[in-house]
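Here is the structure we will look at, set down as structure tokens.
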Amino acid sequence: MGNRQNVQVKLPQNDDETETRRQNLQSARNKYQLQQPTFGLTDLEQRLVNIVNLPPMLRNFPKEEKRSFNFLFFHGVRFVFSMIYLLIFGRGKWTIPQMVRHFMDSKILKEPKGCEVWRKEEIDGPNQTKTQRAQADHWFAWQRINGLTRNLIRKVQTIPEQFVPFVNIIEENHPYLAGKTLEAHIQQGTLFVVDLSEISLNEPTLLSTMALFGIYKDVLMPVAVWMNITDVKDGKVYMPRLNGDSTEIRQWVKMRMWFNMLEGQYHISVTHIGFTHFLMDGVSICIHRNLSDRHPIYKILLPHFQYMHAINTFTKDDLLSEGAIFEKTTYSRRLTFLRLISKHNENWAYNTHASLLNGLEIRGTMTIPGYFFKDDALLLHKAIHQFVYEYAAHYYGNDDVNVQQDHEIQSFRQELLLPRKTNGTGGCGMNGIPEFTSIENLVEVLTDFIYICSVEHSAANYPAYDQFAFPPNMPDILHGQPEEEMNDLDEAMPTGKELFYIIGAKRTGTQVLTNSLGNYEDSYLKTMDSDGKAFVKKFQQNLLGVTEQINQRNNDITAGNNGKEIKEYPYEWLLPENVLNSINI
């Protein structure tokens, strides 16, 4: 990949072969160029999206970025199989019970976790118990902290204005407030909000929603969901129901589904595509343009960008093209997706959005019980930081001056900061990248970039089949409107064609075809010297320790669920073996 040619590992100020280094870098700059993607939008659409605020991406696709034959073969086989499966089963309309039976009886499809929860808790079933209803409510809350988008929940400081007119209604006989007012929960730091109101982009034709969550018996539980009905300034509030008639209970189940669908749109556009795939595309280009293949930092970063440009080019040119099947099987359309990405990237700041710990502290979520993503992500972030620090300190001779005098690493930072321009002469326009005046500052940024490419992307992508493949759990698309009176939830379900396209897309998009975190392929290890390989080996050993901690925690959860009123769910998605090195699919 890229401008990799030899095994030498030298900082630019220590390299005698300056001309060779310069020529190799110039060759890389010719191949790797930034541009503002337009996605085939008209001029009017580009202005609506504010195209200059999208993350810049690769202009032309170099041959060095092509996927391996094995990758293309296995990916192609999975895709073709999914299309055949679609042709066989994707006809007519499927009811929810039919979906459940299909997953249970299938010898090919694994039952998604969302289907398992729906089935075991008898959701929308006539014999569902109060305990099962509470368990299903906890799963809904669990999805906010351990599902696909885990960084939206934040502590409530004041009651959101959307909920103010409904406070008395919410507090009256609420099953999970333990007799306390919302203000009391705010004072105790046990009330949280997930705000998806921006999904509407202030357009009355689009839905927006918001939900409150509280701590009840040491687990996170839903308090209320606000959903706009006819206008973004209007709305109704829906609450959990442990008692009540079937109509009231079904209405609450329906609101959970619609909330999950809207969060799914945020996940696809912002959490996943926008701020792992597209954001890191520009970072990779800046690496190739500014760091020689002889640079030690180039060698440690490159494995974490393997195949990324290939999948991003496919996403840009095919999945987000006008009229693509992807667009036909999601509630939102590509213009909405791109507008959301542009809006968030305009306000993206390194210290707030790239820093895991700062983000958690700013949102006030460090103390949420059962926030297993947070626990595991911090463990992995610490392991990555230790690896990068020891590696960088070695090659910079434990001297900050060497970082300051490294003109390649300094130019890398400058291009990250350079404002975006539509004419292709700009940079990534990243705000707040700290100055590379010390080893620690450099390591902080490198750690966060590696974390996004590996941990964050894996957490955002690989649970997608478990969450999305069973539409009642987290739909890509629902039909009708949430305020419509439905005696049967089946009316809102995707068509058979939509259903099996979604299943096929999630199976294909969650394939594991590259190595797990820290297990670099031989093609990368061969470019490292013996010291670099030793640091990699130590990193792998540290990750084994992380594996032990997560497994022990999950075993304790399983053991502690015996006889518990509301059981907890183990979280396995950030076991190091489930985290891939790069954004490759």
Is Glu456 salt-bridged to Arg150, going by a charged N under 4.0 Å from an acidic O?
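Result for this pair is yes, salt bridge flagged.
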Rounded to the nearest 0.5 Å, what separation is found between the [atom1] atom of [X] and the [atom2] atom of [Y]?
{"X": "Met255", "Y": "Thr209", "atom1": "CE", "atom2": "OG1", "answer": "8.5 Å"}
{"X": "Ile170", "Y": "Ile159", "atom1": "CD1", "atom2": "CD1", "answer": "8.0 Å"}
{"X": "Tyr462", "Y": "Trp573", "atom1": "OH", "atom2": "CH2", "answer": "10.0 Å"}
{"X": "Thr336", "Y": "Glu327", "atom1": "OG1", "atom2": "CD", "answer": "9.0 Å"}
{"X": "Gln135", "Y": "Ile566", "atom1": "CD", "atom2": "CD1", "answer": "7.0 Å"}
{"X": "Thr547", "Y": "Glu577", "atom1": "OG1", "atom2": "CD", "answer": "6.0 Å"}

For Lys130, I'd like to know if atom NZ has over 12 heavy atoms of other residues, nucleotides or ligands within 6.0 Å.
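Counting neighbours around NZ of Lys130, 12 or fewer heavy atoms of other residues, nucleotides or ligands fall under 6.0 Å, so no.
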Mark yes when over 12 heavy atoms from residues, nucleotides or ligands other than Arg333 sit less than 6.0 Å from its CZ; otherwise mark no.
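Atom CZ in Arg333 is crowded, with more than 12 foreign heavy atoms closer than 6.0 Å.
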Checking [X] side chain against [Y] main chain: does a donor-acceptor pair fall under 3.5 Å?
{"X": "Asp195", "Y": "Met210", "answer": "no"}
{"X": "Asn561", "Y": "Glu568", "answer": "yes"}
{"X": "Gln265", "Y": "Asp476", "answer": "yes"}
{"X": "Ser200", "Y": "Ser197", "answer": "yes"}
{"X": "Arg507", "Y": "Leu109", "answer": "no"}
{"X": "Ser342", "Y": "Arg339", "answer": "no"}
{"X": "Asn461", "Y": "Gly509", "answer": "yes"}
{"X": "Asp245", "Y": "Glu248", "answer": "yes"}
{"X": "His381", "Y": "Tyr451", "answer": "no"}
{"X": "Asp466", "Y": "Lys113", "answer": "yes"}

Determine whether [X] and [Y] make a side-chain contact, defined as any pair of heavy atoms from C-beta on separated by less than 4.5 Å.
{"X": "Glu361", "Y": "Met366", "value": "yes"}
{"X": "Phe470", "Y": "Ile96", "value": "yes"}
{"X": "Phe373", "Y": "Leu574", "value": "yes"}
{"X": "His174", "Y": "Met221", "value": "no"}
{"X": "Pro471", "Y": "Leu499", "value": "yes"}
{"X": "His344", "Y": "Glu198", "value": "yes"}
{"X": "Asn584", "Y": "Ile311", "value": "no"}
{"X": "Phe278", "Y": "Ile273", "value": "yes"}

Quick check: closest heavy atoms across [X] and [Y], and the distance to 0.1 Å?
{"X": "Gln549", "Y": "Leu379", "value": "OE1-CD2, 3.6 Å"}
{"X": "Leu335", "Y": "Val49", "value": "CD1-CG2, 3.7 Å"}
{"X": "Gln128", "Y": "Ile123", "value": "NE2-CA, 3.7 Å"}
{"X": "Pro112", "Y": "Phe103", "value": "CD-CD2, 3.4 Å"}
{"X": "His138", "Y": "Tyr569", "value": "CD2-CE1, 3.9 Å"}
{"X": "Gln132", "Y": "Glu121", "value": "CB-O, 3.3 Å"}

Checking side-chain contact (heavy atoms from CB on, under 4.5 Å) for the pair Asn581/Ser454: CA distance, chi angles, key distance, verdict?
CA-CA 5 Å; Asn581 276 317; Ser454 57; 5.5 Å; no
Kindly assign one of parallel, tilted or perpendicular to the pair His267 and Phe468, based on the angle between their ring planes and the thresholds 30° and 60°.
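His267 vs Phe468 ring planes: tilted.
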As a quick check of understanding, evaluate side-chain contact (heavy atoms from CB on, under 4.5 Å) for Leu478 and Tyr331, giving each step before the final call.
CA-CA 7 Å; Leu478 289 172; Tyr331 167 77; over 6 Å; no
Verify ring-ring contact (aromatic ring centres under 6.0 Å, His included) between Phe140 and Phe213, making sure each step is shown before the conclusion.
CA-CA 10 Å; Phe140 176 64; Phe213 298 86; 5.7 Å; yes
Can you find a side-chain donor-acceptor pair between [X] and [Y] that sits under 3.5 Å?
{"X": "Tyr176", "Y": "Asp137", "result": "yes"}
{"X": "His353", "Y": "Asn358", "result": "no"}
{"X": "Gln552", "Y": "Asp556", "result": "yes"}
{"X": "Arg144", "Y": "Asn260", "result": "yes"}
{"X": "Gln188", "Y": "Lys180", "result": "yes"}
{"X": "Trp139", "Y": "Asn473", "result": "yes"}

Applying side-chain contact (heavy atoms from CB on, under 4.5 Å), run through His272 and His277 and close with a yes or a no.
CA-CA 7 Å; His272 188 192; His277 284 261; 3.1 Å; yes
Hey, mind stepping through Leu378 and Lys374 against side-chain contact (heavy atoms from CB on, under 4.5 Å) and telling me if it holds?
CA-CA 6 Å; Leu378 287 171; Lys374 177 259 300 181; 3.8 Å; yes
